[in-house]
Number of protein chains: 2
Amino acid sequence: MGVTLKDVARLAGVSAKTVSNVVNGCPGVSDALRRRVRDAIGQLGYRPHLAARHLRTGRTGLLALVVDTPHLDEVARAILRAAAQRGHRVVVAPRGPARGVTAAWRDVPADGILLGTNAPPRDVLDAEVTAGTPLVLLGEGRDDRCDRVGVDMVRAARDATAHLLALGRRRIAAIGADPGPSRSRTAGYRQALRRAGIDAPAAYVRATARPERTDGYHAARSLLAHDPPPDAIFCYSDPLAVGAIRAATDAGLRVPDDVAVIGFGGTEEGRYVRPSLSTVVPDAEVIARAAVTRIVARIACPDLPPAEIVAPHTVLPRESAPAPPGGSRPASPRESAPELPGGTVRACPRGSVPHRETAPHTPRAGDGAAAAGGPRVPA
Amino acid sequence: MGVTLKDVARLAGVSAKTVSNVVNGCPGVSDALRRRVRDAIGQLGYRPHLAARHLRTGRTGLLALVVDTPHLDEVARAILRAAAQRGHRVVVAPRGPARGVTAAWRDVPADGILLGTNAPPRDVLDAEVTAGTPLVLLGEGRDDRCDRVGVDMVRAARDATAHLLALGRRRIAAIGADPGPSRSRTAGYRQALRRAGIDAPAAYVRATARPERTDGYHAARSLLAHDPPPDAIFCYSDPLAVGAIRAATDAGLRVPDDVAVIGFGGTEEGRYVRPSLSTVVPDAEVIARAAVTRIVARIACPDLPPAEIVAPHTVLPRESAPAPPGGSRPASPRESAPELPGGTVRACPRGSVPHRETAPHTPRAGDGAAAAGGPRVPA
DNA sequence: CTGAAAGCGCTTACAG
DNA sequence: CTGAAAGCGCTTACAG
């Protein structure tokens with residue numbers, strides 16, 4: 001407590017500037033001096049005072065991550081890994097109370113925010129945008145003025161629903177959080193049904209207050225008491241689906257025979273429930289890499305035109321909604337990614353029209369294994 | 001970006017000091033002035049620059065929470081709630097790489113750290129202690145120089161094992177993370193067996209690299225191939241137990257008939273797996289309240305002698321290790337709390353001998369329901 | 001390649 | 001009850 005740059009400078013017999021240069025790895029310091037300064041730093045146990053640096057430069061060197069919705073849990077984990085790997089420090093900002101979402105993260109000192117909340121309220125977003133906060137959206141929310149990295153939610157929901165249709169289900173229900181935030185998933189769900197010539201009763205779409213297990217449990221219980229009961233349920237998050245499975249089996253129904261269930265998020269938990277959970281898997285690694293790259297670029301270059309980066313997703317059939325009999329044919333990353341011209345994030349391009357890009361899907365060893373894992377071998 | 005206290009002062013026609021007083025709610029400002037200042041703040045959209053305040057006062061106003069081990073997941077959630085409720089801002093610091101744990105949180109600006117990691121490495125702890133970082137330990141780790149808030153781990157493990165014994169099990173195995181970090185749980189497990197006159201083979205105690213589902217899966221699989229196979233498994237975290245259940249059922253065994261399983265942590269997830277998971281439930285609310293109170297006190301008053309605050313725990317029987325036939329008799333909070341003189345945390349007492357206290361267990365409405373919930377009604 | 005000085009936006013003794 | 005001044009620990013033009 002209390003060793004300052006000045007102390008180091010005095011001990012090393014140099015000026016503060018030189019110490020600063022050494023600490024920040026700036027060129028223009030002779031090797032001899034550099035060593036002397038390093039020694040002094042080690043000897044005194046000097047650590048730079050982050051707040052002072054922040055006050056001076058306006059930069060904290062921290063990224064804030066806000067994840068509000070369980071379908072992004074795996075994405076959040078991947079972001080933490082990706083950032084650590086590239087030497088970016090991240091703090092996780094707790095989400096605030098429903099409305100005052102802002103409060104929670106406004107006060108964490110960070111250079112930019114990765115916002116994994118569905119439906120950031122309009123006014124909150126406005127405040128951040130006008131304040132000039134570098135912001136990358138991860139959830140459903142979309143805004144012309146902001147970057148977004150994530151899967152094509154409409155298409156992902158359509159694929160999930162199509163998977164249930166391919167199993168021969170016709171009475172397909174949907175359980176999700178508030179209608180507002182989940183708009184695009186509901187749109188995808190409806191698209192798939194429409195294409196199949198099916199008209200779902202209004203009662204088949206259930207909003208829940210939160211996207212948690214208990215909400216899924218209760219929504220499913222009520223849904224299964226409907227006449228006629230659904231023979232399949234698409235849940236907008238894995239926890240919702242876990243609750244739905246429990247509700248169905250508690251009601252004496254067989255999953256998937258009586259009612260198939262599919263979730264959204266690709267969480268580990270789904271592998272272990274019984275029956276194991278079929279789910280839509282966003283490519284968390286791709287999202288994480290793109291999101292970190294993007295927020296860093298945005299911080300460095302605030303005038304970058306807002307971009308939307310679309311990551312691939314996969315439908316992962318497990319026990320609760322297995323691959324259709326005619327041969328397993330889950331949407332591959334290739335198929336599920338929108339057919340748009342690819343591209344990479346360029347630094348500070350001219351122009352300011354929001355553009356849309358497809359994230360490059362760099363396959364890694366283990367990718368397939370991770371996605372394909374059936375219930376039998378939780379690797 | 002850029003509205004400073006000075007701007008507010010100028011607009012309101014007062015000095016910086018007065019604005020500062022108003023912002024910080026200090027007395028000694030007339031109501032008229034206070035209003036004028038408030039108006040100016042609103043008009044300009046002024047928000048104090050946290051780094052400047054930090055630099056000046058040495059306080060960030062933030063608490064850091066580090067949770068490294070899933071048996072504290074519910075505790076972490078409760079801490080976030082408790083802190084928010086009392087107006088303390090918390091940031092969650094990501095855990096660093098195994099050894100350099102420090103790195104991850106040293107750089108998040110916080111006034112104190114709630115450290116929910118088992119076995120904080122000695123040198124890391126030494127560094128924090130000598131740096132004078134206010135620190136409250138939540139996990140197994142214990143240190144004469146630090147506060148700790150948590151359940152009596154030895155006793156909790158003993159209770160879990162005793163529960164399996166009460167079911168008539170004799171070949172009881174244990175699955176946990178590294179032996180070091182989990183020392184006291186292993187001690188409790190052994191105590192219970194010894195008291196029952198049982199000698200478990202060394203192979204019945206399995207260390208795992210991490211406390212996650214997949215680790216539990218593999219450890220259990222190998223354990224169940226042992227001759228003779230265990231008829232019960234105590235897992236040091238709920239995810240380990242979820243993995244163990246899946247391994248057992250995948251191997252064609254019935255849980256609990258062939259092998260009973262009990263976890264540790266009382267996570268929600270355990271309610272939804274099938275069979276639902278019996279588990280040791282730390283009283284997360286008590287721990288959360290005590291931990292927040294303690295870290296705040298410690299920050300305000302660094303010379304407080306270190307205290308250990310012991311919170312109650314309960315054994316929650318569910319399907320994977322049901323209540324013993326002779327009538328459900330899980331350890332009650334009263335029974336499971338150590339028989340030590342109660343006490344409350346006093347502010348800055350004299351003396352410096354580490355003392356031990358029992359946290360007051362203030363029963364709240366819904367407490368019973370939350371703890372007793374069987375699998376049928378995930379509230 | 002290195003040094004001395006100014007200033008980031010607050011708070012806090014110190015005067016009035 | 002309010003104001004003017006100093007300083008927290010850095011970095012960054014600006015000189016040498």
Side-chain angles (χ1 to χ4, degrees), chain A residues 1-41 44-62 89 106-107 109-111 131-132 299-300, chain B residues 1-41 44-62 89 106-107 109-111 131-132 299-300:
Chain A
M1 296 284 73
V3 179
T4 76
L5 182 145
K6 252 183 177 162
D7 299 326
V8 176
R10 201 173 312 126
L11 179 60
V14 299
S15 78
K17 167 112 204 290
T18 304
V19 178
S20 180
N21 283 341
V22 171
V23 169
N24 295 304
C26 300
V29 184
S30 71
D31 283 359
L33 265 200
R34 193 176 295 276
R35 267 203 51 183
R36 225 160 77 208
V37 171
R38 288 250 159 82
D39 286 350
I41 287 175
L44 295 173
Y46 167 74
R47 310 203 43 180
H49 192 300
L50 266 20
R53 183 180 288 175
H54 178 190
L55 179 56
R56 184 59 235 242
T57 63
R59 290 283 167 81
T60 65
L62 288 172
R89 315 222 78 92
R106 289 288 319 218
D107 288 341
D111 296 332
I299 290 165
Chain B
M1 293 286 72
V3 180
T4 75
L5 181 145
K6 251 181 179 163
D7 300 325
V8 176
R10 201 174 312 125
L11 179 60
V14 300
S15 77
K17 167 113 205 287
T18 303
V19 179
S20 178
N21 283 341
V22 171
V23 169
N24 296 302
C26 299
V29 184
S30 71
D31 283 358
L33 266 200
R34 192 175 295 277
R35 268 204 51 182
R36 225 161 76 208
V37 171
R38 287 249 159 82
D39 287 350
I41 287 175
L44 296 173
Y46 167 72
R47 309 203 43 182
H49 193 300
L50 267 19
R53 184 180 286 176
H54 178 190
L55 179 57
R56 183 61 235 239
T57 62
R59 290 283 167 80
T60 65
L62 287 172
R89 317 220 77 89
R106 287 293 313 223
D107 288 340
D111 296 333
I299 290 165

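All chains are named by letter (A, B, ...) in the order of the sequence lines, taking the proteins before the strands, and each is independently numbered beginning at 1. On a predicted model such as this, the values are computed, not experimentally measured, just so you know.
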Evaluate side-chain contact (heavy atoms from CB on, under 4.5 Å) for R38(B) paired with I41(B), printing each intermediate quantity in order. CA-CA 5 Å; R38(B) 287 249 159 82; I41(B) 287 175; 5.7 Å; no
Considering only heavy atoms, which members of residues 13-23 of chain A lie under 4.0 Å from some atom of DNA chain C? V14(A), S15(A), K17(A), T18(A)
Under the salt bridge (Lys or Arg N to Asp or Glu O under 4.0 Å) test, which residues partner R34(A), sequence neighbours left out? none
Between protein and nucleic acid, restricted to nucleotides 6-9 of chain C and to nitrogen or oxygen atoms under 3.5 Å apart, what atom pairs and distances do you find?
unit_1, atom_1, unit_2, atom_2, d
dG7(C), N2, R56(A), NH1, 3.3
dG9(C), N2, A52(B), O, 3.3

Taking only residues two or more places apart in sequence, or in another chain, which ones meet L11(A) in a side-chain contact (heavy atoms from CB on, under 4.5 Å)? A40(A), Q43(A), L44(A)
Across all chains, not counting sequence neighbours, the side-chain contact (heavy atoms from CB on, under 4.5 Å) partners of A16(A) are L5(A)
Are there runs of at least three consecutive Watson-Crick or G-U pairs touching DNA chain C, with each pair's two distances under 3.5 angstrom? Give them by first number. C:1-3 with D:14-16, C:5-12 with D:5-12, C:14-16 with D:1-3
If a pair satisfies salt bridge (charged side-chain N to carboxylate O under 4.0 Å, His left out) and one of its residues is in residues 17-26 of chain A, list it, with sequence neighbours excluded. none
For R56(A), side-chain contact (heavy atoms from CB on, under 4.5 Å) partners two or more places apart: none
For N21(A), which residues count as a side chain to side chain donor-acceptor pair (under 3.5 Å) partner, sequence neighbours excluded? none
For R35(A), check side-chain contact (heavy atoms from CB on, under 4.5 Å) against everything at least two apart and list the hits. D39(A)
Sequence neighbours excluded, the answer for salt bridge (Lys or Arg N to Asp or Glu O under 4.0 Å) partners of R59(A) is none
Rounded interatomic separation in angstrom, taking CG from L50(B) and P from dC10(C): 10 Å
Could you state the CZ-P distance from R10(B) to dT2(D), rounded to the nearest angstrom? 20 Å
Classify the nucleic acid contact of L33(A) as base, sugar-phosphate or nothing, counting any heavy atom under 4.0 Å across all strands shown. sugar-phosphate
Sequence-distant partners of S15(B), side chain to side chain donor-acceptor pair (under 3.5 Å), two or more places apart: T18(B)
